[in-house]
Structure formats: C-alpha cells, structure tokens
Amino acid sequence: MTQPISRTILLVEDNNDDAFLTMRAMESAGISHLIHHCRDGHEVIDYLQKIASDREKQQDVDFPDLVLLDLKMPRLGGMETLQWIRQHEVFKALIVLALTSSSEARDVKAAYQLQINAYLVKPSSLSEMTELARAIRSFWLEQKHLIRPRFSFSTPCGMPKS
C-alpha cells in the first residue's frame with residue numbers, strides 16, 4: 001500500500017510581509033501545494049503533534065512534504081524548532097529547509113549541525129524569490145529520483161510540548 005501524497009508545505013515565518021512574498025513567489029513558480037503558515041516554533045510543534053495524533057487515530061492526514069523554516073523568530077526560534085524536530089523519532093526525517101535572512105557563518109554551521117537539509121538566504125525581490133521557489137519545486141517537490149521518507153506509527157509518539 002502506497003502512502004498518500006501530502007501536498008502540503010509548512011511555512012514557518014514570523015514576518016507577515018516575508019510570508020506573503022514567499023507564498024506569492026511559490027504561486028508564481030507553479031507550486032500548487034497547500035501552504036500552512038506558522039509564525040513561530042510553538043505553532044510548529046502544536047501543528048506537528050496534532051498531525052501525529054490524527055495519524056495515530058487512523059485519520060487521513062499526512063506530514064508536510066517540506067518545511068521552510070525561518071531561523072530568527074520570537075518565542076521559540078528556528079534553531080530550537082529544528083532541534084525539537086530532529087530529536088523526535090516521528091518527525092526527524094522531515095525535509096526542513098532554512099529560509100532565513102541570516103547569512104552569518106555561525107548560523108549556517110549551527111543549522112547544518114542540527115541536520116538542516118539546506119540553508120537558503122531569503123532573496124529581497126519577488127523575482128529572485130520566485131526563481132528560488134522554482135528551484136525548490138524542481139528539486140525538493142518534483143524530483144523523481146528523490147526518495148521521500150515514510151512515516152510509521154508502530155508506537156505512540158507521546159512527546160512533550162517543549
């Protein structure tokens with residue numbers, strides 16, 4: 001039995017202007033996935049735990065195809081959110097791309113140490129963001145040779161909130 005295709009992107013971005021620009025660029029790039037927008041790491045954890053809970057109850061839900069994660073956010077930032085994702089067996093195989101304004105070497109190094117799949121610096125214009133969205137679509141969403149992880153729930157995930 002094959003797993004249903006999710007067709008969802010989780011966009012984690014606290015700045016509404018940046019979120020709008022990203023969603024607009026993705027639409028312009030022909031990405032038809034539903035985009036679920038979270039504004040900080042706490043919202044991400046709540047969202048992922050709800051999906052895991054629904055999956056355990058055999059409801060028809062799936063994990064996002066891709067997480068676009070801003071690193072500089074209030075409350076619970078991107079690095080802490082990435083660390084939380086990678087520490088939980090149920091979620092650690094999620095494809096997470098940093099999409100951030102920081103190009104500081106220490107942020108890049110820290111993100112890769114936490115097993116980010118790719119580190120992307122936010123472009124400043126819609127045209128550049130659309131070009132980046134096309135590259136994301138081509139490699140991460142449509143690449144026929146990319147094998148996606150399968151998520152199973154042989155044991156309850158019972159994860160703490162923080």
Side-chain angles (χ1 to χ4, degrees), residues 5-52 61-88 90-149 151 159 161-162:
I5 298 173
S6 166
R7 313 312 304 166
T8 302
I9 294 173
L10 179 57
L11 174 61
V12 187
E13 174 59 65
D14 65 311
N15 182 301
N16 287 333
D17 292 337
D18 286 350
F20 176 79
L21 178 70
T22 302
M23 288 187 273
R24 181 74 178 256
M26 295 177 99
E27 181 182 321
S28 295
I31 296 173
S32 60
H33 289 56
L34 170 70
I35 299 174
H36 183 86
H37 180 206
C38 291
R39 287 165 182 76
D40 65 40
H42 290 296
E43 289 184 21
V44 171
I45 291 169
D46 289 344
Y47 175 75
L48 291 175
Q49 286 183 326
K50 179 171 182 346
I51 290 174
V61 294
D62 209 348
F63 286 101
D65 289 319
L66 186 69
V67 179
L68 296 175
L69 180 65
D70 186 18
L71 298 182
K72 307 293 184 179
M73 296 181 296
R75 294 189 344 136
L76 187 64
M79 293 294 189
E80 295 82 9
T81 302
L82 178 61
Q83 183 175 22
W84 185 93
I85 290 169
R86 296 304 189 224
Q87 286 177 344
H88 291 86
V90 174
F91 306 115
K92 71 181 184 180
L94 282 174
I95 296 173
V96 182
L97 310 181
L99 182 59
T100 185
S101 56
S102 173
S103 59
E104 295 180 32
R106 72 172 184 253
D107 289 337
V108 175
K109 181 179 179 182
Y112 278 111
Q113 286 175 334
L114 291 171
Q115 300 173 340
I116 198 82
N117 294 96
Y119 194 102
L120 308 167
V121 177
K122 292 178 193 173
S124 57
S125 71
L126 178 59
S127 63
E128 290 175 330
M129 188 62 211
T130 301
E131 183 179 324
L132 180 58
R134 282 188 190 108
I136 290 169
R137 184 192 79 203
S138 175
F139 185 80
W140 294 104
L141 301 173
E142 294 180 348
Q143 179 58 250
K144 66 182 178 182
H145 300 289
L146 178 66
I147 299 174
R148 297 193 157 287
F151 297 93
M159 295 158 295
K161 273 225 170 227
S162 54

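From a predicted model like this one, the values you see are computed outputs, not experimental measurements.
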[Y] side chain reached by [X] side chain, heavy atoms, under 4.5 Å:
{"X": "Met79", "Y": "Leu71", "answer": "yes"}
{"X": "Arg75", "Y": "Met73", "answer": "no"}
{"X": "Leu94", "Y": "Leu48", "answer": "yes"}
{"X": "Val67", "Y": "Val44", "answer": "no"}
{"X": "Met129", "Y": "Asp18", "answer": "no"}
{"X": "Ile51", "Y": "Pro64", "answer": "yes"}
{"X": "Thr22", "Y": "Glu13", "answer": "no"}
{"X": "Val96", "Y": "Arg86", "answer": "yes"}

Candidate pair Leu99 and Leu132, rule side-chain contact (heavy atoms from CB on, under 4.5 Å), full reasoning: CA-CA 10 Å; Leu99 182 59; Leu132 180 58; 3.9 Å; yes

Taking every non-hydrogen atom, the tightest pair across [X] and [Y]:
{"X": "Cys38", "Y": "Leu10", "result": "SG-CD1, 3.6 Å"}
{"X": "Thr8", "Y": "His36", "result": "CG2-CB, 4.4 Å"}
{"X": "Leu82", "Y": "Ala111", "result": "CD2-O, 3.8 Å"}
{"X": "Ser103", "Y": "Val121", "result": "CB-CG2, 4.0 Å"}
{"X": "Ala133", "Y": "Ala25", "result": "CB-O, 3.8 Å"}
{"X": "Val90", "Y": "Ala52", "result": "CG1-CB, 4.4 Å"}

Atom [atom1] in [X], atom [atom2] in [Y]: separation rounded to 0.5 Å?
{"X": "Ile31", "Y": "Trp140", "atom1": "CD1", "atom2": "CH2", "result": "13.5 Å"}
{"X": "Gln49", "Y": "Phe91", "atom1": "CD", "atom2": "CZ", "result": "6.0 Å"}
{"X": "Met26", "Y": "Ser32", "atom1": "CE", "atom2": "OG", "result": "10.5 Å"}
{"X": "Leu34", "Y": "Arg7", "atom1": "CG", "atom2": "CZ", "result": "11.0 Å"}
{"X": "Leu69", "Y": "Thr100", "atom1": "CG", "atom2": "OG1", "result": "8.5 Å"}
{"X": "His33", "Y": "Asp65", "atom1": "NE2", "atom2": "CG", "result": "4.0 Å"}

Sequence neighbours excluded, every pair satisfying side-chain hydrogen bond (donor to acceptor under 3.5 Å, both in side chains) that has a member inside residues 105-114: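 Every pair satisfying side-chain hydrogen bond (donor to acceptor under 3.5 Å, both in side chains) with a residue in residues 105-114: Lys72-Asp107, Ser102-Asp107, Glu104-Arg106.
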
Atom CD of Glu27: over 12 foreign heavy atoms under 6.0 Å: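 No, the 6.0 Å shell around CD holds no more than 12 heavy atoms from other groups.
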
Atom CD of Glu131: over 12 foreign heavy atoms under 6.0 Å: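 Counting other residues, nucleotides and ligands, CD of Glu131 stays at 12 neighbours or fewer.
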
side-chain contact (heavy atoms from CB on, under 4.5 Å) between Leu97 and Ile95, worked out: CA-CA 7 Å; Leu97 310 181; Ile95 296 173; 4.2 Å; yes

side-chain contact (heavy atoms from CB on, under 4.5 Å) between Lys122 and Asp70, worked out: CA-CA 9 Å; Lys122 292 178 193 173; Asp70 186 18; 3.6 Å; yes

Donor-acceptor under 3.5 Å (Asn16 side chain, Ala19 main chain):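 Checking the backbone N and O of Ala19 against the side chain of Asn16, no donor-acceptor pair under 3.5 Å is found.
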
Under 3.5 Å donor-acceptor, Glu43 side chain and Arg39 backbone: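 Pair found, side chain donor or acceptor close to backbone of Arg39.
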
Stepwise side-chain contact (heavy atoms from CB on, under 4.5 Å) test for Val12 and Thr81: CA-CA 10 Å; Val12 187; Thr81 302; 5.6 Å; no

